[in-house]
Amino acid sequence: MKLSKKMIAGIVTAAALLIGIIGLLVMMPKSQDSAEEQVAVNSGETLQDAAGADAGETVLQGQAADTASGQGNGSDDTSGNTETADPNGTAGQENTAEQNPVTGQNDTAGETSEITSETTSETTPETTTETTSTPTPVSATGTPVAIHGKLSVRGSGLVDKNGNEFQIQGVSTHGIAWFPEYVNKAAFQTIRDEWGANCIRLAMYSAEYGGYCTGGNQADLKRLVNDGVSYATELGMYVIIDWHIMNQDGDPNTHKTEALAFFKEMSAKYADYDNVIYEICNEPNGGTQWSSIKSYALEVIPVIKANNPDAIIIVGTPNWSQDVDAAAKDPITGYSNIMYTIHFYADTHRDGLRQKMQVAIDKGLALFCTEFGICDASGSGANNITEGNKWISALDNNNISYCIWNLSNKAETSSLIQSGCNKTSGWTTNELTEAGKWYVGILDSGVAPGSTGISSDTGNNNNSNNNNNNNNNSSTPAVTASSANTQVTIANSGGWSSGNGNCSQYTVTIKNTGSTAVNNWKVTVNFSGNVTLDQSWSGSFSASGSSVTITPVDFNREIAAGQSVEVGFIISYSGNVGTPTVSID
């Protein structure tokens, strides 16, 4: 067919219009839901908020190095810490490629994330800040977060997105500045898949030994926290950001300014995350009263709630997070999803602290045991599996969540990894301590009250060293004294070295031997040398020179006829303080 001039002109015009439309489309900025960005989201990757990220922080890639090396066999993790090579070559074998949490298929998610970041910054500068804001994370199908979703507080514990009771059973890191190598995705996956835990607690010391507020590298510490949140989120686990106050800042108000800035930044970054929980003061101590802790909390809580009104916030309680009864008398009001910390070490804290916990529960307090162990309060000494099982039963019966201390190979009884094991994931049973084996048994199938779960003659052989260090009082017999209708017995529970001195732990039992109630009892313990009160529980304690005086707290002020109460304390001293004497008023 011969084309007329008019037809040719029409075709040329149409072609020109088409070329113009294509040109306009090419010049248009990419939308926030670009194909590249969607790939990153679907693969479980999260992009850092460019406006709030620290200098040197990079796009969270889900460890592209994992894809290349089989998850950490001598490769560098994204925190800048080199993971120790797995001598058996088994660490993280299930993670040789990142799994797409939507499709369930493995892909090269880390590479996709890098491409997305570069493309966004180079081709759409005017929308970079908007498109790299932290998206709501997508958890893998079948993971704890995918199944249970955003949690909330009801009664003494938690409920899931469907309103069903839900219990966090987690693992706490040791100080992330001291053991950063355990903040890695393969470790968290081992804890989730092989141990059965559903939460990681990231313990960031605020003051101890180069803590966040005392000379520590704040950018590195925040990067470790962010890495930990990223790995937990990709694995569909819950994660606790823990402002870990200790001896140097026993009153949380000591570094309140830094805490406010830290939690403002963290809560803004993770405002849309369903799995992030905030613990705003680990263990208030040194005589810090609940009124001071509550004052601090009432400043930090609004900062977090401004970014995430539904956030779960855990508040520490006096006396190393043991005096939950004090918080129950004067709880924080005006905010939802507030919980209170209770900590225990099973060989130290027994019936007395469980009674105190029950008093708080009966008054309507929501509790979270963010740290516990089955040894004594020093982290050393022998494990007490019988008392550990009693505690787990009490927590389970009240739907109270818990995280065990600690994920490290530190040469102490409370560590979960054997001190001779340098692997940072994929641990075999023989590479766990006695405490680690016990906890895996708890998580795997639960432990019936009174059972041991595992054989008590296996596990951490460091116990003998811990028990024999300067234990000059451990073999002393129990000492008893009596008054008209009351009997008091003091027993030494063990001793150990502590810095340049020694520590000893004592349990004191006060029994009513009469026929009427005893009220406002008072016990005095005298040693042969000067002592310093290190820790105490279930009573009011004071120390002066060589004497320790004990008076009751509200829940054990009255002892019914034939009943008894138990309190305890740890002293530090130099030399030998001999066998104590005891009297009761």
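No hydrogens, no waters, no symmetry mates; every other heavy atom, side chains included, goes into these values. As the structure is a prediction and not an experimental result, all values here were calculated from the model.
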Can a donor-acceptor pair be found, under 3.5 Å and without considering hydrogens, that links the side chain of H148 to the backbone of P144?
no
Checking N162 against N164: is there a side-chain donor and acceptor pair closer than 3.5 Å?
no
Is there a side-chain contact between N520 and T551 in this structure, where contact means two heavy atoms from C-beta onward sitting under 4.5 Å apart?
no
Parallel, tilted or perpendicular, as decided by the 30° and 60° cut-offs, for the rings of F179 and Y182:
tilted
Backbone N or O of S336 within a donor-acceptor pair of the K305 side chain at under 3.5 Å?
yes
In this structure, is the centre-to-centre distance between the rings of W405 and H174 below 6.0 Å?
yes
Short side-chain donor-acceptor distance under 3.5 Å, N275 and T233:
yes
Nearest heavy-atom neighbours spanning Q505 and A377
OE1-N, 4.3 Å
Does S292 reach the main-chain N or O of T288 with its side chain, forming a donor-acceptor pair under 3.5 Å?
no
Where do S583 and T524 land on the side chain to side chain contact (heavy atoms under 4.5 Å, CB included) test, with the steps shown first?
CA-CA 5 Å; S583 61; T524 303; 3.7 Å; yes
Answer whether the closest heavy-atom distance between the side chains of I191 and L407 falls below 4.5 Å.
yes
Under 3.5 Å: donor-acceptor pair, side chain of N337, backbone of D310:
yes
Indicate yes or no: at least one non-hydrogen side-chain atom of I510 is less than 4.5 angstrom from one of I584.
yes
If only atom types and distance count, is the side chain of Y296 paired as donor or acceptor with the main-chain N or O of I280 below 3.5 Å?
yes
Checking the side chain of N492 only, and the main-chain atoms of Y506 only, is there a donor and an acceptor separated by less than 3.5 Å?
no
Can a salt bridge be assigned to the pair E299 and K294 using a cut-off of 4.0 Å between side-chain N and carboxylate O?
no
Measuring only between side-chain heavy atoms, which start at C-beta, is T317 closer than 4.5 Å to P284?
no
In this structure, are over 12 heavy atoms from other groups packed under 6.0 Å from K522 atom NZ?
no
Side chains of H343 and T370: does their closest heavy-atom pair fall under 4.5 Å?
yes
How long is the gap from CG on D160 to CG on L151, to the nearest 0.5 Å?
7.0 Å
Going by an N to O cut-off under 4.0 Å, is there a salt bridge joining E434 and K437?
no
Verify whether the ring centers belonging to Y205 and W178 lie closer than 6.0 Å.
yes
Please lay out, stage by stage, how Q169 and Y439 fare under the test side chain to side chain contact (heavy atoms under 4.5 Å, CB included).
CA-CA 10 Å; Q169 296 172 306; Y439 195 52; 4.2 Å; yes
Can you name the one residue among N307, V239, I277, N226 that meets side-chain contact (heavy atoms from CB on, under 4.5 Å) with Y270?
N226
Apply side chain to side chain contact (heavy atoms under 4.5 Å, CB included) to residues M237 and C199 and explain how you reach the verdict.
CA-CA 5 Å; M237 301 177 72; C199 179; 5.8 Å; no
Look at K222 together with E265 and state whether they make a salt bridge at an N to O cut-off of under 4.0 Å.
yes
Measuring only between side-chain heavy atoms, which start at C-beta, is Y340 closer than 4.5 Å to I332?
yes
Is the centre of the F344 ring less than 6.0 Å from the centre of the Y402 ring?
no
With salt bridge (Lys or Arg N to Asp or Glu O under 4.0 Å) as the test, would you mind laying out the steps for K511 and E566 before giving the verdict?
CA-CA 9 Å; K511 183 176 182 179; E566 187 178 89; over 6 Å; no
Taking the six-membered ring for Trp, is the centroid-to-centroid distance between Y278 and F262 below 6.0 Å?
no
List the steps and the verdict of salt bridge (Lys or Arg N to Asp or Glu O under 4.0 Å) for E165 and R154.
CA-CA 8 Å; E165 285 191 349; R154 187 177 71 194; 5.1 Å; no
Name the orientation class of the two ring planes belonging to F569 and F541 (parallel below 30°, tilted from 30 to 60°, perpendicular beyond 60°).
tilted
Compare every heavy atom of V153 with every heavy atom of A366, then report the nearest pair and how far apart it is.
CB-CG1, 3.5 Å
Is there a donor-acceptor contact under 3.5 Å from the side chain of W391 to the main chain of T386?
no
Is a side-chain donor or acceptor of N384 paired with a backbone partner of E387 at a separation under 3.5 angstrom?
yes
Output yes when a side-chain donor or acceptor of T214 lies under 3.5 Å from a complementary backbone atom of A207, and no otherwise.
yes
Do side-chain atoms of N282 reach the backbone of E279 as a donor and acceptor pair under 3.5 angstrom?
no
Is there side-chain contact between M339 and I312, with at least one heavy-atom pair below 4.5 Å?
yes
Do I200 and V183 come close enough that some side-chain heavy atom pair is under 4.5 Å?
no
Using the side chain to side chain contact (heavy atoms under 4.5 Å, CB included) rule, take I293 and V315 through it: C-alpha gap first, then chi angles, then the decisive distance, then the call.
CA-CA 8 Å; I293 302 166; V315 183; 4.0 Å; yes
